[in-house]
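In what follows, chains carry the letters A, B, and so on, assigned in the order in which the sequence lines appear, proteins first and then strands, with residues in each chain numbered from 1. Being a predicted model, the structure only gives us computed values, none of them experimental.
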Protein chains: 2
Amino acid sequence: MVSIISVAKAAGVSNKTVSRVINGEPYVTEETRERVEKAIRDLGYIPNMAARLIRSSRSNTFGIITDYVSTTPYSVDIVRGIQDWANANGKTILMANTGGSSKREADIWKMFQSHRIDGVLYVTMYRRTVDPEAGDVRIPTVMINCRPQTDELLPSIEPDDYQGAQDLTRYLLDRGHRKIGYIRLNPILLGAQLRLDAFRKTAADFGLAEGDLSIRLGMEGPVGAEKNYVFAVATEMLQQKDRPTAIMSGNDEMTIQVYIAAMALGLRIPEDVSIVGFDDFRTVSLALKPELTTAALPYYDLGLEGAELLNSVVAGNKAPSSRVMPCKLVERTSVRSV
Amino acid sequence: MVSIISVAKAAGVSNKTVSRVINGEPYVTEETRERVEKAIRDLGYIPNMAARLIRSSRSNTFGIITDYVSTTPYSVDIVRGIQDWANANGKTILMANTGGSSKREADIWKMFQSHRIDGVLYVTMYRRTVDPEAGDVRIPTVMINCRPQTDELLPSIEPDDYQGAQDLTRYLLDRGHRKIGYIRLNPILLGAQLRLDAFRKTAADFGLAEGDLSIRLGMEGPVGAEKNYVFAVATEMLQQKDRPTAIMSGNDEMTIQVYIAAMALGLRIPEDVSIVGFDDFRTVSLALKPELTTAALPYYDLGLEGAELLNSVVAGNKAPSSRVMPCKLVERTSVRSV
DNA sequence: ACGGGTATTGACAACGTCGTCATAGAGTGA
DNA sequence: TCACTCTATGACGACGTTGTCAATACCCGT
């Protein structure tokens, strides 16, 4: 492998001078700089990060720990956000996946330490609480889409499920809906309770009675193997004589079943029943006809902001311990005014 | 940071002896080994990979280059397969995303080289041909879910779209379907033509005339921003007086629209029309009611096998230049016999 | 011509690890 | 007892890079 020394020889200077050129340090004549740069090009020299790290003990590398990839398919946009940030800021990303095993997680922390990474982004694919097996040594860590179970002060970035559900509920109320059905997400998910709370509170503040709301559980059980009641629940809800004029469901995936249930009963969307989802999982929300009005989870931004936050933590800046990113309401055509 | 030297001091031995213990080399007394191991535990010593690399010039690290993450949501299972392999075999994964920019891709290759990675897994999120900007230096590379545009001899691993579509077509034929509709995937995708060819060929071999097949284009244009005709095409197909008894669509996502089109026309699935998809994108195939019969893309296995193959290429074994993994037919309830 | 800067360059050590070689003690067979 | 082979251990250097410090060259004002 071509090293700084071969370049130095080729350019007829010392290795230190080559180092200066590479790192853009001052005190190099224009003429020397050019000669060195030519040698670098000619030899195809590429700096060796490992050697650099060994001197400076700064790896410029972040590690990502994920749990399950693709449980919520678009959540990988978090990773894309992180990567884009890393790319724009000259950082490298080391990535590993626990698959839910805590032994594996412990191994991963060790592996990260052996690479002397500067910090860890702890990313979960659905929002929940976790208990990182960080080991004894404290590496700067930022939680994305999750928060520590214990009351440790790890900074975290999460989506604002409450605000998203609030916006969706208001949207329906503003369009005259007064009987609204709600099909609940798996209660394991951190967002489930918040979305439901926002729905209840917003409806109540507006003056709706609890009897105007029809709230049912759509899914439960361990993620990836949950029991699924959505189709049955939606069918039942729409068969009531005093059926809701609008149905809000926990996420877009569940909404597929609500659509099918409604259509199987001969109901048209949105003429007979309006439907909103949550997540803006576009593979679904754009494939449904009419296209789905929903609240977009800011996955990409979670990643971007998380990386930015981790960077400032690593740099030693006192960071705000926690932050929440808004969900944007995406208006399409699955809701009509009544 | 605690190094091999601090451990050596603590254990009262030379640093070389500590090195021997760490690497499980012979010629260490049981008693010495224990003393060293105790010191390692007490000090929380973790080997420094960078220093190791600088000596041995073997990083035990693979790089992953992806194009767009999450265009086909479950395709990230490829990455999961790679990570699981890496984890099981003590390799580290460096990951970067081009976002489709070739300047960025060139930067990534440089970055990988500066980390002295042992090999690259070039992964695309939908199956297509690509032209890696590898630069001058040749790093062992395996293509996953794609193949080189030029006739370079880069080993690749791809799903067997042809066999998958063949199995699905046979499945319909075996169940008595003689008029079959086919809604085509975006022709940009490498699998699109293969799937269609398999459908045509299998139907012809069985004895169906071209007139028994109703083949229509469902999508076209750049990936991520394609024009979508699926709903309209499916509606039209199902309104023909001599409508197909079964519809095969390019992938599961398109199938959502076929379902909705059928239901909007008052047709029941599978009583009035049978439907099959492709991909086994479970967020969709399990959410649809009745659940969807489809062919599963072996994403996870592509990753696993790709990593394995890269490893053998790095080790210098002459590898088979290319390999194809089967798509498994997943039978659910969206097809009936006629 | 001289003292005091500033610009430019290089020699050398150090980072953490492991390969090479040397050393020393212990056992073995003649 | 002697030569020889093992076993167990350590001293030292090298990997590629950068930080420290010294050395040289040049310029300025006196």
Side-chain angles (χ1 to χ4, degrees), chain A residues 1-37 39-40 43-61 90 92 110-118 137, chain B residues 1-37 39-40 43-61 90 92 110-118 137:
Chain A
M1 203 68 210
V2 33
S3 80
I4 215 172
I5 298 180
S6 5
V7 175
K9 263 182 203 138
V13 297
S14 76
N15 44 5
K16 178 64 205 184
T17 296
V18 178
S19 171
R20 273 190 265 263
V21 171
I22 294 166
N23 296 289
E25 286 171 32
Y27 304 136
V28 182
T29 345
E30 196 47 41
E31 188 263 330
T32 310
R33 183 180 306 277
E34 270 160 24
R35 216 168 60 245
V36 171
E37 276 164 356
I40 288 177
L43 276 65
Y45 165 77
I46 293 183
N48 184 328
M49 288 305 178
R52 210 173 255 186
L53 163 60
I54 221 181
R55 281 289 302 149
S56 62
S57 58
R58 255 321 254 294
S59 61
N60 275 316
T61 300
T92 304
K110 271 233 179 72
M111 185 264 280
F112 280 177
Q113 287 182 43
S114 77
H115 283 277
R116 303 296 189 264
I117 60 168
D118 298 332
V137 187
Chain B
M1 203 68 209
V2 33
S3 80
I4 216 172
I5 298 179
S6 4
V7 174
K9 265 184 202 139
V13 297
S14 77
N15 44 5
K16 179 61 207 188
T17 296
V18 178
S19 171
R20 273 190 264 261
V21 171
I22 293 166
N23 295 291
E25 286 170 31
Y27 303 135
V28 183
T29 345
E30 197 45 41
E31 187 264 329
T32 310
R33 185 179 303 277
E34 270 161 24
R35 216 165 64 242
V36 170
E37 275 166 356
I40 289 177
L43 275 65
Y45 165 77
I46 292 182
N48 184 328
M49 289 303 180
R52 214 171 252 186
L53 164 59
I54 221 180
R55 282 288 301 145
S56 63
S57 59
R58 245 336 242 297
S59 62
N60 274 316
T61 300
T92 304
K110 271 231 177 73
M111 187 264 279
F112 279 177
Q113 287 181 45
S114 76
H115 284 278
R116 302 295 190 265
I117 60 168
D118 298 330
V137 186

Check your understanding: Using a cut-off of 4.0 Å on non-hydrogen atoms, how would the nucleic acid contact of S57(A) be classed: base, sugar-phosphate, or nothing?
Key -> nothing

Check your understanding: Quick one: does T29(A)'s side chain have a donor or acceptor within less than 3.5 Å of a partner on E31(A)'s backbone?
Key -> no

Check your understanding: What closest approach, in Å, do P47(B) and R52(B) show between heavy atoms, and which atom pair accounts for it?
Key -> CB-NH2, 3.4 Å

Practice item. Using a 4.0 Å cut-off on protein heavy atoms (strictly under), produce a 5'-to-3' string for nucleotides 17-25 of chain D with B for base contact, S for backbone-only sugar-phosphate contact, and - for none. Key: BBBB-----

Point to revise | Point-to-point distance, once rounded to the nearest 0.5 Å, from OG1 of T92(B) to CD1 of I117(B) | key: 11.5 Å

Review point. Side chains of H115(B) and T61(B): do they bring a donor and an acceptor to under 3.5 Å?
Key: no

**Study point:** Spacing of R35(B) atom CZ relative to dA8(D) atom C1', expressed in whole Å
**Key:** 12 Å

Study note, to complete from the structure: In terms of heavy-atom contacts, L43(A) and V7(A) come closest through CD2-N, 4.1 Å

Check your understanding: According to a strict under-4.0 Å criterion, is T32(A) in side-chain N/O contact with OP1 or OP2 of dT9(C)?
Key -> yes

Check your understanding: Atom CZ in R35(A), atom OG1 in T32(A): separation rounded to 0.5 Å?
Key -> 5.0 Å

**Study point:** For atom CG of L43(B) and atom P of dG16(C), their distance in whole Å
**Key:** 13 Å

Point to revise | Integer-rounded Å distance: dT17(C) P and I40(B) CD1 | key: 10 Å

Review point. Can you check the L53(B) CG to dC15(D) C1' distance for me, whole Å?
Key: 9 Å

